[in-house]
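Comments concern the structure below.
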Amino acid sequence: MAQATTAADHSNPLQAIIAHAKEYGFLYPSSEIYGGLQAVYDYGPYGAALKRNLQDLWWRSMTQLHQNIVGIDAAIFMHPHTWQASGHLDSFSDPLIDNKDSKKRYRVDALLEAQATAWAQQGNEEAAEDLLQTMHHLLQAQDLVGLHRLIVSTGIQCPVAKTSNWTAVRQFNLMFATQAGALEEKADTIYLRPETAQGIFVNFLNVQKTARMKVPFGIAQIGKSFRNEIVARQFIFRMREFEQMEMQFFVRPGTESYWFDYWKEQRLKWYLALGIPSTRLSLQPHKHLAHYAQEAVDIEYAFPFGQKEVEGIHSRTDFDLRNHETHSKKKLQYFDPEINQNYTPYVIETSLGCDRLVLLLLCQGLVHETVTESGQQKTRTYLKLPPALAPIKVAILPLVKKDGLPEKAQKLVAELRLAFPLAYEENQSIGKRYARQDLIGTPYCITVDHQTLTDDTVTLRERDSMQQQRLPIGAVRNYLFEKVNLQTIL
RNA sequence: GCGGAAGUAGCUCAAUUGGUAGAGCGACAGCCUUCCAAGCUGUAGGUCGCGAGUUCGACUCUCGUCUUCCGCUCCA
């Protein structure tokens with residue numbers, strides 16, 4: 001007989017995840033009826049619930065488990081000067097050029113600087129200096145044609161292809177810009193934030209003073225960020241609009257190393273607590289540091305498409321606060337009563353991609369198991385999510401749709417519906433209903449059968465093991481709570 | 001952005017030198033069933049990714065475009 005189609009039929013593991021996510025209501029391509037929008041996705045009912053649970057878990061593990069961390073929710077729009085101070089306006093808009101033969105893409109300034117360095121080493125420092133001067137002028141003027149002419153006239157070759165077969169120079173601004181105000185010509189350009197961190201930095205003093213925080217302390221935030229990625233790929237791994245969960249931890253200068261190590265360890269533990277095997281996780285120190293970072297490490301997960309960053313932990317020094325001081329001309333310092341001194345705190349950042357974490361859980365959770373049942377081989381597909389994060393905690397199922405079982409089951413639904421997100425289904429065979437719940441990751445199913453009518457007990461089936469046990473109806477609520485609340489993780 | 005592959009129902013796929021789309025699964029409704037997707041009956045889903053062109057006629061040929069995957073590239 002025909003076997004139900006499962007995602008296991010796909011040869012590509014990421015395709016299998018995408019197909020499953022779509023088919024079972026986790027993620028859809030954005031505006032799909034119009035052909036989709038590149039690198040933008042919508043969360044469906046189960047995906048939205050899963051994401052919300054994850055955010056709740058993270059939020060609580062930051063703000064409730066740590067007395068010295070508070071949360072905020074800053075606006076997506078910020079004063080344009082913010083992005084000058086943060087460095088995003090400059091470093092997010094590098095002119096790039098492609099070599100048509102090697103298909104390699106380069107930053108124009110990097111190519112020219114390399115050439116200048118080469119000339120300087122050959123003793124031709126004057127020419128090197130001239131080149132850099134010219135480049136800076138062109139960059140300032142945003143003269144892309146001039147930059148292209150300079151590349152060509154300098155005779156710069158692609159290090160790989162050894163040719164000068166260049167495309168035009170193009171500007172890739174990674175920040176989305178829009179206009180504030182109704183009159184476009186008078187309006188300021190404002191940007192959709194490319195990271196949530198700046199909303200924390202500009203509020204540093206507000207939070208410190210109004211919540212009476214003492215260094216060391218942290219500010220946590222969950223929110224959307226936007227990056228106009230040149231290449232956005234791998235499903236929800238790199239999206240143009242994405243959700244960050246990050247915490248900036250302010251420390252006394254000189255203690256940043258200690259706190260960097262502290263948070264590195266804390267954050268890694270958090271993933272292990274989620275049940276992610278340590279073999280699939282790794283800590284990857286950065287080789288090339290971002291413009292603000294003193295030390296940085298990524299927590300990476302072995303996705304089907306490779307070992308990739310899920311969370312970054314950065315030692316940002318006082319880069320951000322100092323720059324905001326300079327640009328805003330407001331003092332952003334902390335008076336430390338312990339040492340009787342004013343200083344600009346150093347910052348340790350933990351920043352994780354919420355959507356990446358959702359993808360991680362889908363990758364980690366989607367299981368195709370071959371089971372043998374009465375001599376027949378079958379594939380059993382289920383989504384092994386941590387119970388505390390599952391969109392639906394329990395499904396309540398009358399064994400058959402008669403003899404008063406649905407009514408009895410509905411009573412239980414009424415008792416539990418406020419305590420747990422739950423599902424009720426009475427159509428089709430019990431096996432099919434179990435399977436459907438397995439596919440969306442529901443950890444428990446409760447079945448009301450004929451015995452329930454005589455002794456008020458139900459069977460409780462566990463998703464992963466498929467084992468059943470009988471429980472008195474009165475014990476169900478506490479039993480489930482023990483299994484599915486967030487404390488099972490934290 | 002470059003190169004490769006693909007796009008037909010919710011999913012997996014079919015449709016003979018171009019003649020106005022079908023199946024299985026799934027969904028839904030009803031029946032049957034005391035525990036792991038497999039019984040019976042019925043119903044609803046598609047302007048064949050989108051737009052042009054060629055043609056009497058295009059799912060089928062040509063061009064463009066969008067989206068996705070793979071590789072490269074990039075990456076705070």
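Chain A is the first sequence line, chain B the second, and so forth, proteins listed ahead of strands; every chain is numbered from 1. FYI, side chains are in, hydrogens and waters are out, and symmetry mates aren't considered; it's all heavy atoms of this structure.
Nucleotides rU60(B) and rA15(B) place their P atoms 14 Å apart, quoted to the nearest Å. For the P atom pair drawn from rC66(B) and rA23(B), the interatomic distance equals 35 Å after rounding to whole Å. For rG10(B) and rA5(B), the C1' atoms lie 24 Å apart once the distance is rounded to whole Å. Going from the P atom of rC63(B) to that of rU68(B) covers 23 Å, rounded to whole Å. For the C1' atoms, the distance linking rC48(B) with rA9(B) amounts to 10 Å, nearest Å. For the C1' atoms, the distance linking rU47(B) with rC31(B) amounts to 37 Å, nearest Å. Only the P atoms considered, rC69(B) is 41 Å distant from rU41(B), to the nearest whole Å. For the C1' atoms, the distance linking rC11(B) with rC50(B) amounts to 23 Å, nearest Å.
Proximity of Lys432(A) to the phosphate of rU33(B): no side-chain N or O atom is located under 4.0 Å from OP1 or OP2. Close to rC28(B), at under 4.0 Å from its OP1 or OP2, lies no side-chain N or O of Asn427(A). Under 4.0 angstrom from either OP1 or OP2 of rU33(B) there lies at least one side-chain N or O belonging to Lys402(A).
In this structure, Phe235(A) reaches the sugar-phosphate backbone alone: every heavy-atom distance under 4.0 Å involves primed, P, OP1 or OP2 atoms, never a base. Using a 4.0 Å heavy-atom cutoff across all strands shown, Tyr382(A) reaches no nucleic acid atom at all. Using a 4.0 Å heavy-atom cutoff across all strands shown, Arg433(A) reaches no nucleic acid atom at all. Counting any heavy atom pair closer than 4.0 Å across all strands shown, Lys22(A) reaches sugar-phosphate atoms only and no base atom. As judged by a 4.0 angstrom heavy-atom cut-off over every strand, Leu397(A) is placed among residues making no nucleic acid contact. Ser351(A) comes within contact range of no nucleotide atom at all, as no heavy-atom separation falls under 4.0 Å. Residue contacts shown for Asp438(A) are absent, as no nucleic acid heavy atom lies under 4.0 Å away.
Taking only side-chain atoms of Leu14(A), from C-beta outward, the nucleotide of rU68(B), rC70(B), rC75(B) with the closest atom is rC70(B). Nearest nucleotide to the His450(A) side chain, out of rC31(B), rU34(B), rC36(B): rU34(B). Distances were taken from every side-chain heavy atom of Gln428(A) (C-beta onward) to each of rC69(B), rC75(B), rC28(B); the shortest belongs to rC28(B). Comparing rA38(B), rG30(B), rC35(B) by their closest approach to the side chain of Ser429(A) singles out rA38(B). Distance from the side chain of Glu23(A) is smallest for rG10(B) among the nucleotides rC35(B), rG10(B), rC36(B). Listed nucleotides: rU68(B), rA37(B), rA27(B). Nearest to the side chain of Arg436(A): rA27(B). Proximity note for Leu399(A) (side chain, C-beta onward) versus rC74(B), rU34(B), rC69(B): the nearest is rU34(B).
Nearest-nucleotide mapping onto RNA chain B: of Lys308(A) and Thr447(A), the residue sitting toward the 5' end is Thr447(A). Each of Lys401(A) and Gly431(A) was assigned the nucleotide of RNA chain B with the nearest heavy atom; the assignment lying further toward the 5' end belongs to Lys401(A).
Here the straight-line distance linking atom CE of Met247(A) with atom CD1 of Ile200(A) works out to 8.5 Å at 0.5 Å rounding.
Residues Ser465(A) and Glu462(A) bring a donor and an acceptor atom of their side chains to less than 3.5 Å of each other. Counted by atom type alone, Arg280(A) and Gln307(A) present zero donor-acceptor pairs between their side chains at under 3.5 Å. Under the 3.5 Å distance criterion, with hydrogens and angles disregarded, no donor-acceptor pair is assigned to the side chains of Tyr434(A) and Glu425(A). Defined by atom type and a distance below 3.5 Å, a donor-acceptor pair is missing between the side-chain atoms of Thr447(A) and Asp449(A). Under 3.5 Å, the side chains of Glu295(A) and Ser315(A) contain no donor-acceptor pair of N or O atoms. Looking at Gln198(A) and Thr82(A), their side chains never bring a donor and an acceptor atom within 3.5 Å of each other. Between the side chains of Tyr34(A) and Glu32(A), no donor N or O sits under 3.5 Å from an acceptor N or O.
No donor-acceptor contact under 3.5 Å links the side chain of Gln15(A) to the base of rC69(B). Within 3.5 Å, a donor on the side chain of Tyr434(A) pairs with an acceptor on the base of rC35(B), or the reverse. Side chain Arg227(A) to base rC75(B): no donor-acceptor pair is found below 3.5 Å.
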Annotated structure of RNA chain B as dot-bracket, pair cut-off 3.5 Å, Watson-Crick or G-U only, | for inter-strand, is (((((((..((((.....[..)))).(((((.......))))).....(((((..]....))))))))))))....
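In this structure, the CG atom of Asn228(A) is 13 Å from the C1' atom of rC74(B), given to the nearest Å. Put simply, CZ on Phe305(A) is 10 Å from P on rC69(B), counting in whole angstrom units. Between the OH atom of Tyr24(A) and the C1' atom of rU12(B) there is a distance of 12 Å, rounded to whole Å. Whole-Å rounding puts the Ile236(A) CD1 to rC69(B) C1' distance at 16 Å. Note: CD1 (Ile18(A)) to P (rU12(B)) measures 11 Å, nearest angstrom. Separating the CZ atom of Arg470(A) from the C1' atom of rC35(B) is a distance of 11 Å, rounded to the nearest angstrom. Going from atom CZ of Arg380(A) over to atom P of rA38(B) covers 15 Å, rounded to whole Å. Rounded to an integer number of Å, the gap from OH of Tyr28(A) to P of rU67(B) is 21 Å.
Taking the centre and axis of the six-membered ring of Trp270(A), the NZ or CZ atom of Arg267(A) falls inside the cone set by 45° and 6.0 Å.
Using a cut-off of 4.0 Å between Lys/Arg side-chain N and Asp/Glu carboxylate O, Asp355(A) and Arg238(A) are scored as not salt-bridged. With salt bridges taken as basic N to acidic carboxylate O contacts below 4.0 Å, none links Arg477(A) and Glu415(A). With respect to Glu369(A) and Arg380(A), a salt bridge is recorded, a charged nitrogen being found less than 4.0 Å from a carboxylate O. Taking the charged nitrogens against the carboxylate oxygens, Lys432(A) and Asp438(A) have no contact shorter than 4.0 Å, which rules out a salt bridge.
Residues from residues 76-83 of chain A placing a heavy atom under 4.0 Å of any atom in RNA chain B do not occur.
By the rule that a glycosidic angle within 90° of 0 means syn, rG45(B) counts as syn.
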